[in-house]
Amino acid sequence: MLNSFVQEYKRSLDPRLHEDLSQADQTMMWLIFGHLLIAVFITSQYYGMYVLGIVVGGAAFILSVIAYLNFQGQLVFRLIAAGVLMVFSSIFIQQHFGRIEMHFHVFIVLAILTIYKDVRPLLFASAYILIHHVVTNYLQTYGVTIDGVPIMVFSYGCGIEYVYLHAIMVIAETMVLIYIILNSTLQYLNMLDSQEKADADRRKAKDAEKAKSEFLANMSHEIRTPMNGITGFTHLLKETPLDALQTRYVNIIDSSTKTLINIVNDVLDFSKLEQKSMRIDPVPTNIFSELYTSLMIFNATAMTKQISYEISFDSYIHECLLIDTLRIKQVMANLIGNAMKFTPNGGEVNVRIALVNDGKERQNIRFEVQDNGIGIKQERIKDIFDAFTQADGSTTRKYGGTGLGLNISSELVKAMDGLIEVDSKENVGTTFYFTLELPKCSKEASLASSYRDETILVDLDMQEYKRKLTEDLKNFSLNFQFTSYEEFQDIYRLHNEYTLICDSMQKVHTYLEYAPNVHIICINENEELTESIDRVAYLDNYYGGASKLYNVLLELKKIQTENKQSILYEQYNLKILVAEDHDINQMLISELLKKHKVDFDIANNGREALEMALSTRYDLILMDINMPVMNGLEATEQLRQSFAEGLPIVALTANAGAEDKERFLKAGMDDYLTKPINPELLNSVLKKYHIEKLQKGMKDE
């Protein structure tokens with residue numbers, strides 16, 4: 001017990017308790033000043049002991065003032081203050097001839113001293129009063145006087161037994177007060193420890209969050225830089241002459257890269273999932289075209305592993321639904337990617353998107369990914385959606401992955417008011433599925449409007465295909481009629497632009513020989529495709545192929561209406577400096593600027609850009625941010641010192657965070673373009689500064 005008391009006492013000396021005692025010391029000085037006034041003007045009135053009150057009380061007050069001025073906040077002042085208060089107790093006792101009521105002031109002073117949360121002044125005061133009582137009792141016994149007045153400690157006579165009794169009472173109160181001080185001090189210190197730990201944890205979390213944000217920003221930048229080349233050159237490739245099959249492949253590449261870019265853009269927002277603040281942004285979406293194209297990117301993986309990969313869309317699904325397309329693509333990409341990963345060569349992966357319930361304003365849509373892969377142990381299913389969890393401890397070693405995908409997907413579906421569920425049997429297969437209630441859009445259906453004035457001709461021999469095709473074409477609100485080659489000849493004489501659906505390559509050649517302008521969709525399940533023919537699209541299997549048919553029809557109509565015409569690039573009279581260190585991005589921006597017939601130079605870093613801008617007159621600088629030798633911000637800062645606002649500088653960067661644009665504009669840049677470069681936005685920027693140059697020239701004239 002004694003050891004515990006010693007430990008608690010040592011802890012009560014913690015410097016944190018006495019870091020700022022100025023307020024307590026100031027309060028103590030006012031209390032001492034109040035005691036002086038009482039000793040001089042009140043208690044002295046009873047027996048005319050003004051000398052004792054003025055001289056002794058004044059000396060005690062002056063001592064406390066000197067101590068306050070020199071030792072404020074230190075132990076020295078606290079001990080002197082405790083002694084001064086006990087001096088006033090002695091004065092009050094003597095001025096009232098030892099009346100017992102004045103002894104109560106001793107207990108009051110001891111209680112006052114607890115404001116310091118320090119037992120040392122309390123012990124000092126207790127020792128003082130005990131010594132005072134013993135000494136004054138001795139002086140009272142021998143009749144010693146002060147200014148003719150006998151010294152008295154007790155009005156009813158002296159005696160050491162009274163001193164002992166009073167000492168016991170003082171010691172008892174001191175012990176109680178020490179317990180209160182130590183207990184409250186320990187509670188206060190525990191609170192400080194908790195607060196300091198919380199502050200440390202908060203700083204640690206803030207540092208970790210900052211490190212994570214910097215890592216994600218850097219990762220985003222590193223990914224977006226090569227993606228700029230992929231997206232840019234895909235755009236340029238689309239403007240070259242391509243046959244129907246090449247156009248289809250390029251569109252898939254274009255859609256897939258755009259999806260990846262959107263996901264990369266949102267990598268910086270993944271921390272919001274932990275805070276339950278992920279924002280869902282529903283937009284009018286045609287899932288037949290938007291979602292199907294993104295799912296097709298897994299064809300390459302399926303072909304490599306010889307996996308049967310089927311995508312089935314219910315044709316009863318409304319063509320326009322309000323949905324967060326990016327989030328759905330993220331979820332489906334993760335589920336399908338896992339299915340491909342855990343399905344052995346020669347297996348099956350089936351994606352089904354089906355109508356569950358059709359309401360007047362909403363549809364319930366079920367999204368399902370099924371495979372016949374390794375499956376999941378039953379005891380692991382309940383934890384499968386937890387972060388960093390996979391079906392088996394050896395899964396990571398064998399198949400790779402972080403174990404975050406399903407957790408992120410589950411949180412995204414929850415944010416869309418859905419719930420991912422799983423059915424699985426080990427070594428048999430797994431099915432992940434979820435259902436979303438999606439509002440219908442009022443937007444006009446794109447496919448039906450494209451074929452509003454056209455009747456699709458159908459020449460099929462397989463009755464099962466006829467039944468399914470009839471159902472899907474009706475659901476898509478398309479006009480169609482069945483025909484034969486003989487009937488087609490009569491129809492073609494009236495109008496020579498038709499879309500035809502047939503089921504053999506022999507029919508394809510026959511129809512093209514007679515009608516070279518017809519666009520044909522060939523369902524060729526039982527034939528090996530050995531040739532690619534312009535104006536012919538192919539469906540290798542039509543079971544569950546509503547979305548395949550939808551996208552092929554949409555693609556054919558785009559080809560018919562656009563006639564493969566390239567974008568007409570406006571020409572601008574500009575002299576441009578491009579600061580870019582990445583060689584592929586240099587090639588891309590060069591090709592885009594050549595189409596606008598502008599004159600331009602390339603600088604490989606900020607230092608070169610600065611030197612070239614100072615020696616050559618440019619109308620515009622496209623400035624990359626992350627460059628060696630000197631980055632874009634440093635170059636801009638130095639250019640602004642020479643050109644003020646006379647030279648437009650546009651950030652051309654892979655830094656695409658929400659705060660980046662504001663940061664770059666604040667640094668002195670005039671505009672902001674992100675990578676991958678959007679040709680339309682680039683055109684807008686060039687046009688803007690071309691017009692400004694013309695207006696400036698008119699003013700100069």
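Basis for what follows: all heavy atoms, side chains included, without hydrogens, waters or symmetry-related copies.
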When you measure from the side chain of Asn364 to the backbone N and O of Val356, does any donor-acceptor pair fall under 3.5 Å?
no
Enumerate the salt bridge (Lys or Arg N to Asp or Glu O under 4.0 Å) contacts for residues 416-425, please, sequence neighbours excluded, ordered by first and then second residue.
none
Ignoring hydrogens and geometry, is there a side-chain-to-backbone donor-acceptor pair from Asp243 to Gln246 under 3.5 Å?
yes
Rounded to the nearest 0.5 Å, how far apart are CG of Asn299 and OG1 of Thr304?
10.5 Å
Quiz question: by atom type and distance under 3.5 Å, do the side chains of Glu471 and Tyr316 form a donor-acceptor pair?
yes
To the nearest 0.5 Å, atom OG of Ser547 lies from atom CG of Asp314 at 11.5 Å
Check step by step if side chain to side chain contact (heavy atoms under 4.5 Å, CB included) holds for Leu549 and Ile501.
CA-CA 10 Å; Leu549 174 66; Ile501 301 174; 4.0 Å; yes
Check whether any side-chain heavy atom of Tyr309 sits under 4.5 Å from a side-chain heavy atom of Ile336, and report yes or no.
yes
What pair of heavy atoms forms the shortest contact from Leu436 to Phe367, and how long is it?
CD1-CE1, 4.0 Å
Apply side chain to side chain contact (heavy atoms under 4.5 Å, CB included) to the pair Asp281 and Leu326, showing each step before the final yes or no.
CA-CA 9 Å; Asp281 186 20; Leu326 174 62; over 6 Å; no
Test side chain to side chain contact (heavy atoms under 4.5 Å, CB included) on Leu406 and Leu335 and set out the steps.
CA-CA 8 Å; Leu406 286 177; Leu335 297 181; 3.7 Å; yes
To the closest 0.5 Å, what do you measure between CD1 (Ile374) and OG (Ser424)?
8.5 Å
Taking Gly359's backbone N and O only, do any of them form a donor-acceptor pair with Lys440's side chain (distance below 3.5 Å, no angle check)?
yes
Taking the side chain as every heavy atom from C-beta outward, state whether Leu553 and Leu478 have any atom pair closer than 4.5 Å.
yes
Ala339 and Val369: which non-hydrogen atoms are nearest, and at how many Å?
CB-CG1, 3.9 Å
Report yes if the side chains of Phe342 and Thr430 come closer than 4.5 Å at any heavy-atom pair, otherwise no.
no
Under the side chain to side chain contact (heavy atoms under 4.5 Å, CB included) test, which residues partner Val250, sequence neighbours left out?
Thr234, Leu237, Lys238, Leu242
Between Phe288 and Asn551, the two heavy atoms sitting closest are O-ND2, 2.6 Å
Hey, is the main chain of Tyr451 close enough, under 3.5 Å, to the side chain of Glu454 for a donor-acceptor pair?
no
Could you give the distance from OH (Tyr511) to CG (Leu500), rounded to the nearest 0.5 Å?
5.5 Å
What are the two closest heavy atoms between Leu295 and Ile353, and how far apart are they?
CD1-CD1, 4.4 Å
Heavy-atom check, side chain of Phe434 versus side chain of Met416, under 4.5 Å:
no
Please check: side-chain N/O of Asp581 versus main-chain N/O of Met627, any donor-acceptor pairing under 3.5 Å?
no
Are side-chain heavy atoms of Tyr292 and Phe313 found at a separation under 4.5 Å?
yes
Which atom of Ala546 lies closest to which atom of Lys468, heavy atoms considered
CB-NZ, 4.4 Å
Do Asn372 and Thr343 come close enough that some side-chain heavy atom pair is under 4.5 Å?
yes
Do the side chain of Glu426 and the main chain of Gln378 share a donor and acceptor less than 3.5 angstrom apart?
no
Does the side chain of Asp503 come within less than 4.5 Å of Asp459's, by heavy atoms?
no
Does the side chain of Leu681 reach to within under 4.5 Å of the side chain of Thr674, using non-hydrogen atoms?
no
How many angstroms lie between atom NZ of Lys414 and atom CG of Leu419, to the nearest 0.5 angstrom?
7.0 Å
Lys548 with Glu310: basic N within carboxylate O range, under 4.0 Å
yes
From CA spacing to verdict: side chain to side chain contact (heavy atoms under 4.5 Å, CB included), Glu368, Val351
CA-CA 6 Å; Glu368 177 183 299; Val351 179; over 6 Å; no
Lys474 and Phe480: which non-hydrogen atoms are nearest, and at how many Å?
CG-CE2, 3.9 Å
